[in-house]
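Okay, so here's the structure we're looking at.
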Amino acid sequence: MIRIGVLGLQGDVTEHLGMIEVCGAQGVEVRTPAALEIADGLIIPGGESPTIGKLLTRGGLDVAIKDRAGAGMPVYGTCAGMILMAKEATGGEPLMLGLMDIGVARNAYGRQRESFETQLAAPAIDADPFRVAFIRAPVVTRVGQAVQVLATHGNAPVLLQEGRLLVSSFHPEITGYRGIHLYFSQIVRSANTR
Ligand code: GLN
């Protein structure tokens, strides 16, 4: 059975682990480079990207994630996770893992009270529209040539893929929508980097 790690520093760690198990994979909480070693893929949950960034550098997890992603490990980042995975961010720069060729503007959807739930369509992932939550979400301001946009909200790309890397500016785990986790677990299964 494949093992998908969930970065356990902040955010909806338990919810992501639960959704991974529903997808038929084993979920492992990742707080150290040693825990990352046994994972075949990694989910970086939302939270506050500067805080997660600081905690990542403490134990050397930032370097371990960059190394594994560089060697082909699939990574899915939601919201703050997407900010950390981007090559550039505006609006207060957190530590950047710099994995995906996109630019993001932090908090560009507004404050907590401007957070919302909405229906999205992503035909590559699901034949039916699905419901997700945007919470102090980042807006994607630049999309690199090799990056595919899988879903948009208004004119903004909100779900993007570059090879084995997946990012969403929204949270699927808050509304319990499983399709993105299912899609990511298929990427992990077919990547088989060990
Ligand atoms: N606003 C947060 C940040 O800039 C992201 C919010 C979230 O992950 N829900 O890091």
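What's counted below: heavy atoms across the whole structure, side chains too, no hydrogens, waters or symmetry copies.
Heavy atoms only, all atoms of each residue included: Tyr76 and Ser168 are closest at OH-OG, 2.8 Å. In terms of heavy atoms, Met100 sits closest to Val167 at SD-CG2, 3.7 Å. Closest approach of Ala124 and Leu150 over heavy atoms only: CB-CD2, 4.2 Å. Lys66 and Met96 make their closest contact through NZ-O, 4.3 Å (heavy atoms, listed as atom of the first residue, atom of the second, distance). Here the closest heavy-atom approach between residue Leu7 and residue Val13 is recorded as O-CG2, 3.7 Å. The two residues Val75 and Phe184 have their closest heavy-atom pair at C-CE1, 3.5 Å.
Annotation: ring pair (Phe, Tyr, Trp, His ring centres under 6.0 Å) contacts involving residues 34-66, sequence neighbours excluded, are absent. Applying the ring pair (Phe, Tyr, Trp, His ring centres under 6.0 Å) test to pairs two or more places apart or on separate chains, those with a residue in residues 12-32 are His16-His181. Among residues at least two apart or in separate chains, there is no ring pair (Phe, Tyr, Trp, His ring centres under 6.0 Å) pair with a member in residues 22-70. For residues 30-61, no pair satisfies ring pair (Phe, Tyr, Trp, His ring centres under 6.0 Å), with sequence neighbours left out.
To the nearest 0.5 angstrom, Glu173 atom CD is 11.0 Å from Ile20 atom CD1. Considering CD1 of Ile187 and CG of Asp40, their distance stands at 13.5 Å, rounded to 0.5 Å. Within the model, atoms CG of Leu84 and CD1 of Ile52 stand 5.5 Å from one another, a figure rounded to the nearest 0.5 Å. Between atom CD of residue Glu88 and atom OG1 of residue Thr141 there is a gap of 7.0 Å, rounded to the nearest 0.5 Å. Here the CG atom belonging to Leu182 is positioned 4.5 Å from the SG atom belonging to Cys23, to the nearest 0.5 angstrom. Considering CD of Glu37 and CZ of Arg3, their distance stands at 11.5 Å, rounded to 0.5 Å.
Taking the side-chain contact (heavy atoms from CB on, under 4.5 Å) definition, one finds that Thr51 meets it with Gln10, Glu48, Leu55, sequence neighbours left out. Remark: Ala122 pairs with Ile125, Phe130, Ala151, Leu159 by the side-chain contact (heavy atoms from CB on, under 4.5 Å) rule, at least two apart or across chains. Residues passing the side chain to side chain donor-acceptor pair (under 3.5 Å) test with Asn107, sequence neighbours excluded: none. Residues passing the side chain to side chain donor-acceptor pair (under 3.5 Å) test with Ser185, sequence neighbours excluded: none. When the ring-ring contact (aromatic ring centres under 6.0 Å, His included) test is applied to Tyr109, the partners found at least two apart in sequence or on another chain are Phe116, Phe134. Partners of Arg131 under the side chain to side chain donor-acceptor pair (under 3.5 Å) rule, at least two apart in sequence or in another chain, are Glu117. Partners of Gln186 according to the side chain to side chain donor-acceptor pair (under 3.5 Å) rule, which considers only residues two or more places apart in sequence or in another chain, do not exist here. Arg31 is linked by a side-chain contact (heavy atoms from CB on, under 4.5 Å) to Glu29, counting only residues two or more places apart in sequence or in another chain.
Both Val132 and Val158 sit in one connected hydrophobic cluster of ILVMFWY residues. Membership requires side-chain heavy atoms under 4.5 Å apart, directly or through other members. Residues Val143 and Val104 share a single hydrophobic cluster, defined by chaining ILVMFWY side chains whose heavy atoms lie under 4.5 Å apart.
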I would like to know whether Leu17 and Ile4 meet side chain to side chain contact (heavy atoms under 4.5 Å, CB included); could you show each step before the answer?
-> CA-CA 8 Å; Leu17 288 170; Ile4 299 183; over 6 Å; no
Report the C-alpha separation of Ile135 and His171 in whole Å, then their side-chain angles, then the decisive distance to 0.1 Å, and conclude whether the side chain to side chain contact (heavy atoms under 4.5 Å, CB included) test is met. CA-CA 8 Å; Ile135 300 166; His171 294 253; 4.1 Å; yes
Working note: Val6 + Val28, criterion side chain to side chain contact (heavy atoms under 4.5 Å, CB included); need CA distance, chi angles, decisive distance, verdict.
CA-CA 6 Å; Val6 177; Val28 287; over 6 Å; no
Criterion side chain to side chain contact (heavy atoms under 4.5 Å, CB included) on Ile65 and Leu36, from CA distance to verdict = CA-CA 8 Å; Ile65 292 171; Leu36 183 66; 3.9 Å; yes
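Counting only distance, with no hydrogens or angles, the side chain of Ser169 and the backbone of Cys79 share no donor-acceptor pair below 3.5 Å. One N or O on the side chain of Arg68 and one on the backbone of Ala39 form a donor-acceptor pair closer than 3.5 Å. For Gln161 (side chain) and Val149 (main-chain N/O), no donor-acceptor pair under 3.5 Å exists by modelled atom type. Of the possible donor and acceptor atoms, one in the side chain of Thr32 sits under 3.5 Å from a partner among the backbone N and O of Ala35. Remark: the backbone N or O of Pro138 is not paired with any side-chain donor or acceptor of Arg106 at under 3.5 angstrom.
Contact check for Asp101 versus Glu162: side-chain heavy atoms found under the 4.5 Å cut-off. Counting only heavy atoms from C-beta outward, the side chains of Ile102 and Leu160 approach each other to under 4.5 Å.
Between Ile44 and the options Val30, Leu9, Ile83, Leu97, a side chain to side chain contact (heavy atoms under 4.5 Å, CB included) holds for only Leu97.
Around CZ of Arg189, the count of heavy atoms belonging to other residues, nucleotides or ligands within 6.0 Å exceeds 12.
There is no side-chain donor-acceptor pair under 3.5 Å between Tyr183 and Asp126.
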